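Contents: one structure, followed by commentary.
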Amino acid sequence: MTYHMAMGRKQVLVQLDDQLVEQLDQLALTMGVSRSELLRRGAQAMLSAADINTADQQLAAAYRRLPQDAALTEAARQLAAETAPTW
């Protein structure tokens, strides 16, 4: 989720070992962003990944409650086999 308007920020103290800070600084330099921006992006990526994981778990649970029709699954498999590119 990206915000295009100015949002209030809160300073958060995080303790990191020297080696991790060096690695983060090198990556930030390579990406042309500040360490803070890099950490913000990392935190947002983790939150997005957690959202995706939750959605995946919910989808899997739904299929366990109501499994997909075997005939539909077989038809989809056959269609995929017929239309797959020949590499």
Side-chain angles (χ1 to χ4, degrees):
M1 177 181 301
T2 302
Y3 296 100
H4 298 287
M5 64 182 99
M7 293 183 56
R9 293 190 176 174
K10 182 176 282 194
Q11 189 171 14
V12 178
L13 177 65
V14 178
Q15 295 184 8
L16 306 171
D17 63 56
D18 291 341
Q19 182 180 8
L20 182 55
V21 172
E22 287 178 31
Q23 290 174 314
L24 289 169
D25 286 347
Q26 184 59 46
L27 181 57
L29 181 64
T30 300
M31 294 177 68
V33 298
S34 67
R35 182 193 303 155
S36 291
E37 177 62 19
L38 182 71
L39 291 172
R40 273 190 293 278
R41 289 181 185 183
Q44 190 60 56
M46 289 299 299
L47 292 171
S48 295
D51 287 346
I52 291 169
N53 186 48
T54 298
D56 285 347
Q57 289 176 356
Q58 290 171 346
L59 182 61
Y63 274 109
R64 282 191 294 276
R65 285 190 304 275
L66 182 61
Q68 191 163 350
D69 184 315
L72 180 60
T73 303
E74 179 57 23
R77 187 196 65 75
Q78 287 178 0
L79 180 61
E82 293 169 5
T83 59
T86 55
W87 304 79

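Each residue takes its place number in the sequence, starting with 1. These figures come from a predicted structure and were not determined experimentally.
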Handout entry: L27-V14 co-clustered via ILVMFWY side chain contacts under 4.5 Å
Key = yes

Handout entry: Whether over 12 other heavy atoms sit under 6.0 Å from D18 CG
Key = no

Practice task
Could you tell me whether the side chain of T83 reaches within less than 4.5 Å of the side chain of L79, counting heavy atoms only?
Solution key: yes

Exercise for the section: Flag yes if more than 12 heavy atoms outside Q19 fall under 6.0 Å of its CD atom; otherwise flag no. Expected result: no

Problem - Gap separating the CD atom of E22 from the CG atom of D17, nearest 0.5 angstrom - result: 9.0 Å

Handout entry: Donor on one side chain, acceptor on other, Q78 and E82, under 3.5 Å
Key = no

Handout entry: L59 CG to R64 CZ distance, which is reported to the nearest 0.5 Å
Key = 9.5 Å

Completion exercise
In this structure, CG of L47 is separated from CD1 of I52 (nearest 0.5 Å) by 11.5 Å

Handout entry: Joint cluster assignment, L38 & V21, ILVMFWY side-chain distance < 4.5 Å
Key = yes

Problem - M31 and Q26, any side-chain heavy atoms less than 4.5 Å apart - result: no

Exercise for the section: Report the distance from atom CG of L29 to atom OG of S34, rounding to the nearest 0.5 Å. Expected result: 11.5 Å

Handout entry: Distance in Å, M46 CE paired with N53 CG, rounded so as to fall on 0.5 Å steps
Key = 10.0 Å

Problem - Hydrophobic cluster identity match, L24 and V12, side-chain contacts under 4.5 Å - result: yes

Handout entry: R41 side, atom CZ; S48 side, atom OG - distance, nearest 0.5 Å
Key = 13.0 Å

